[in-house]
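Following: one structure in structure tokens, then a few remarks.
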Amino acid sequence: MVHERAGQVALPEDLVNVDAMLAAYYDLVPDPGNIDQRVVFGTSGHRGSSLKTSFNDLHIAATTQAIVEYRAGQGVDGPLFIGKDTHGLSLPAWKTALEVLVANGVNVRAEREDEYTPTPAVSRAIIVYNRDNDGPRADGIVVTPSHNPPTDGGFKYNPPHGGPADTDATSAIAARANELMADPSGIKRDRPYDEIADGIERHDYRTAYCEDLKNVIDLDAIRGAKLKIGAHPLGGAAVQYWQYIADNLDIGLEVIDPTVDPAWPFMTLDWDGKIRMDCSSPYAMASLIENKDTYDISTGNDADADRHGIVTPDGGLMNPNHYLAVAISYLYSHRPGWKPDAGVGKTLVSSSFIDKVTADLGRTLVEVPVGFKWFVPGLMTGDIGFGGEESAGASFLTLDGQTWTTDKDGILLCLLASEILAVTGKSPSQIYAEMEDKYGHSAYARVDAPANREQKAKLAKLSPEDVTATELAGEPIVAKLTRAPGNDAPIGGLKVTTEHAWFAARPSGTEDVYKIYAESLKGAEHLAEVQAAAREVVSAALG
């Protein structure tokens, strides 16, 4: 059910008590014997809330020590780049991490206390350092819970390839962190942040990243088109980057609202009445949609700027899948510096529209499980030109076919929308409307269904043989997948396809639900039938 005030500006009673949240970070000590208070790495690191004793000082100290030991075991002894977003818990967690890193003698590079660093800027810094230096390799940490509510904190590790750590790494780090929480004597930490601050090497992520954009986006085309561009950071880490771009790159861009406040009082409530910086949500992006005619292109980012939201005068907020399809169609027609056989990367819960676009381009479709980490190898070699997720996260190669980032880059995808308009004379939503005339109308949605811990575990380990159904919403089933076609990796769930529709079911890593992604090329009514049938198929398979 959609909350009655979804899309409306938050009221005082909706706001978190930031002081209480910060006090809890230091005062509450997690119990490593309590499964809800342990370090758990999902697809994007460890996340939790200090108020629930799931993201506190001990969690971060133990996890940082575990990362120090892990990187040493992997022979990684170059600099460690660390960045933080604007969530209230990010600054204290960043300080905790720096105290442990310095005590362990790690060569750390950090922004200043009053600076914020998007996830893609950390990825870019790692890639550029390792590209330009033959010696010890660099890696990084990003302190962010992404688009999660203001109460949450997040902490993730990026190894030397610059992208999200794989399951082997995160499992080892989480296991060691939980051991250290049980016995903190193994955590090296001898001086508070204020005593070590002056000795920390500060890294200017912002200038390096923004000045490098000319190598991945056709900024000259944007300048020449004289567009009026609006960029809304949604109170996140992109705020200083968009201001730099507005002040220095001369592309007709202005920052819509530079406000940073850890309570996010300026945000409109998301679908469930929570404050959430989800730039793919029409409720969180309500203020941009309402003012869509003010700019030729307006954009939003989540708190760590690894996701993008694109708003056009003719189409409002674009569905992320629609924009990915347009971006792919445009890029592979306007990037002659890429390998002629560079494939197209998509997650298997992204729109089948992308399959059709890729086939028309004559490119290879590389379909992988959910998680941007699966695109890292291809983006490193240039064998994948573009990798994108249905949740509005993507990145792509530089103009000459080199690696840009191996993590999602929301700033990049926002700028691409302006390039597309500048070069084609059409907004991305206008181009998508033309694509629908060619490929048909896609109805796509994600819904949740209840599932307990045991059911979620069983769903993650299903085999195709566990599915006995032969048809889905009136169509014969043509494929039952528990491994991704692009790399044969387990998908941690199930995907079922027919000629005109598909659904995928995956357990949530943080809630007692499983997620049903579904799409129909026969319209919204058929999509609803697919979603209902999906629940029946999954229920039968789970017994």
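The heavy-atom pair separating Ile491 from Arg506 by the smallest distance is O-NE, 3.7 Å. Closest of all the heavy-atom pairs between Ile256 and Gly230 is CD1-C, 3.8 Å. In this structure, Val423 and Ala221 approach most closely via the heavy-atom pair CG2-CB, 3.8 Å. Closest of all the heavy-atom pairs between Leu494 and Val537 is CD2-CG1, 4.5 Å. The heavy-atom pair separating Gly385 from Trp338 by the smallest distance is O-CH2, 3.4 Å. For the pair His526 and Ala501, the tightest heavy-atom approach, listed with the atom from each and the gap, is CE1-CB, 3.9 Å.
Phe375 and Phe372 have perpendicular rings, their planes meeting at more than 60° on a 0 to 90° scale where under 30° would count as parallel. Ring geometry for Phe81 against Tyr205 counts as perpendicular: the plane angle is over 60°, on a 0 to 90° scale with 30° as the lower cut.
A heavy-atom distance below 4.5 Å is not found between the side chains of Thr144 and Phe155. Side-chain atoms of Pro233 and Asn301, non-hydrogen and from C-beta on, never get closer than 4.5 Å to each other. Side-chain atoms of Tyr241 and Val255, non-hydrogen and from C-beta on, never get closer than 4.5 Å to each other. A 4.5 Å side-chain heavy-atom check between Pro369 and Thr347 finds every atom pair outside the cut-off. Counting only heavy atoms from C-beta outward, the side chains of Thr299 and His232 never approach each other to under 4.5 Å. Side-chain contact check for Glu389 versus Arg307: every heavy-atom pair is 4.5 Å or farther apart. With contacts defined as side-chain heavy-atom distances shorter than 4.5 Å, the pair Ile245/Ile251 qualifies. In this structure, Pro145 and Asp85 have side chains that are in contact, with non-hydrogen atoms separated by less than 4.5 Å.
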Next item on the list: Could you walk me through whether Ile477 and Thr470 pass the side chain to side chain contact (heavy atoms under 4.5 Å, CB included) test, one step at a time?
Entry: CA-CA 6 Å; Ile477 292 174; Thr470 57; 5.8 Å; no
Note to self: Evaluate Val368 against Leu348 for side chain to side chain contact (heavy atoms under 4.5 Å, CB included), listing each step before the verdict.
What the structure shows: CA-CA 6 Å; Val368 301; Leu348 51 75; over 6 Å; no
Notebook entry, point to check: side chain to side chain donor-acceptor pair (under 3.5 Å) between Thr381 and Asp383: does it pass, once the steps are laid out?
Noted result: CA-CA 5 Å; Thr381 61; Asp383 291 332; 3.0 Å; yes
Margin query: Before you tell me yes or no, could you show the steps for Ser146 and Asn148 under side chain to side chain donor-acceptor pair (under 3.5 Å), namely the whole-Å CA-CA distance, both residues' side-chain angles and the distance that decides it to 0.1 Å?
Written below: CA-CA 6 Å; Ser146 190; Asn148 279 26; 6.0 Å; no
Note to self: Checking Asp448 against Tyr514 for the side chain to side chain donor-acceptor pair (under 3.5 Å) test, could you report, in this order, the C-alpha distance in whole Å, the side-chain angles of both residues, the deciding distance, and whether it holds?
What the structure shows: CA-CA 6 Å; Asp448 295 339; Tyr514 68 89; over 6 Å; no
Next item on the list: Starting from the C-alpha separation in whole Å, work towards a yes-or-no answer on side chain to side chain donor-acceptor pair (under 3.5 Å) for Thr119 and Asp304.
Entry: CA-CA 6 Å; Thr119 286; Asp304 70 324; 2.5 Å; yes
Notebook entry, point to check: Checking side chain to side chain contact (heavy atoms under 4.5 Å, CB included) for the pair Thr398/Thr403: CA distance, chi angles, key distance, verdict?
Noted result: CA-CA 6 Å; Thr398 61; Thr403 308; over 6 Å; no
Checklist line | Chi angles and distances behind the side chain to side chain contact (heavy atoms under 4.5 Å, CB included) call for Val357, Tyr439 | finding: CA-CA 9 Å; Val357 171; Tyr439 300 123; 3.9 Å; yes
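A side-chain donor-acceptor contact under 3.5 Å links Tyr323 to the backbone of Ala417. With Tyr332 contributing its side chain and Phe386 its backbone, the two residues share a donor-acceptor pair below 3.5 Å. The backbone N or O of Ser395 lies less than 3.5 Å from no partner atom in the side chain of Asp409, so there is not a single donor-acceptor pair. Checked by atom type and distance alone, the side chain of Asn158 never pairs as donor or acceptor with a backbone atom of Val122 at under 3.5 Å. Put simply, the side chain of Asp168 never gets that close to the backbone of Ala172: no donor and acceptor are under 3.5 Å apart. Of the possible donor and acceptor atoms, one in the side chain of Arg363 sits under 3.5 Å from a partner among the backbone N and O of Pro340. Without hydrogens or angle criteria, Thr406 side chain to Gly163 main chain gives a donor-acceptor distance under 3.5 Å. For His308 (side chain) and Ala392 (main-chain N/O), a donor-acceptor pair under 3.5 Å exists by modelled atom type. Remark: side-chain polar atoms of Asn248 are paired, donor with acceptor, to backbone N or O of Tyr244 under 3.5 angstrom. When atom types are taken as modelled, the side chain of Asp466 and the backbone of Leu462 share no donor-acceptor pair closer than 3.5 angstrom.
In this model, no donor atom of one side chain and acceptor atom of the other lie less than 3.5 Å apart for Asp407 and Thr405. A donor atom on one side chain and an acceptor atom on the other are found under 3.5 Å apart for Ser442 and Glu519.
With values rounded to the nearest 0.5 angstrom, Ser429 atom OG is found 12.0 Å from Asn319 atom CG. With values rounded to the nearest 0.5 angstrom, Ser427 atom OG is found 11.5 Å from Leu227 atom CG. One finds the CE atom of Met318 at 10.0 Å from the CG atom of Asn321 (value rounded to the nearest 0.5 Å). Annotation: the span from Tyr432 atom OH to Asp314 atom CG amounts to 14.0 Å, rounded to 0.5 Å. Interatomic distance, Glu254 CD to Trp242 CH2, rounded to the nearest 0.5 Å: 12.5 Å. One finds the CG atom of Asp250 at 11.5 Å from the CD1 atom of Ile222 (value rounded to the nearest 0.5 Å).
The pair Lys438-Asp360 meets the salt-bridge criterion, since a charged nitrogen lies less than 4.0 angstrom from a carboxylate oxygen. Look at Arg223 and Asp218 and you find no salt bridge, because none of the NZ, NE, NH1 or NH2 atoms lies under 4.0 Å from a carboxylate O. Under 4.0 Å is where a charged nitrogen must lie from a carboxylate oxygen, and between Glu434 and Lys426 at least one such pair does. A salt bridge between Lys495 and Glu367 is present, with a side-chain N of the basic residue lying under 4.0 Å from a carboxylate O of the acidic one. Between Arg335 and Glu419, at least one side-chain nitrogen of the basic residue sits less than 4.0 Å from a carboxylate oxygen of the acidic one, meeting the salt-bridge criterion. Taking 4.0 Å as the cut-off between side-chain N and carboxylate O, Glu475 and Lys522 count as a salt-bridged pair. Salt-bridge check for Lys373 with Asp166: failed, with every basic side-chain N at 4.0 Å or more from each acidic carboxylate O.
Checked options Asn130, Asp134, Val128; the residue passing with Asp132 is Val128 (criterion: side chain to side chain contact (heavy atoms under 4.5 Å, CB included)).
Counting heavy atoms of neighbouring residues, nucleotides and ligands inside a 6.0 Å radius, atom OH of Tyr157 exceeds 12 of them. Residue Lys339 qualifies as enclosed at atom NZ: its count of foreign heavy atoms under 6.0 Å is above 12. Counted within 6.0 Å of CD on Glu290, heavy atoms from surrounding residues, nucleotides or ligands total 12 or fewer; the atom is thus considered open.
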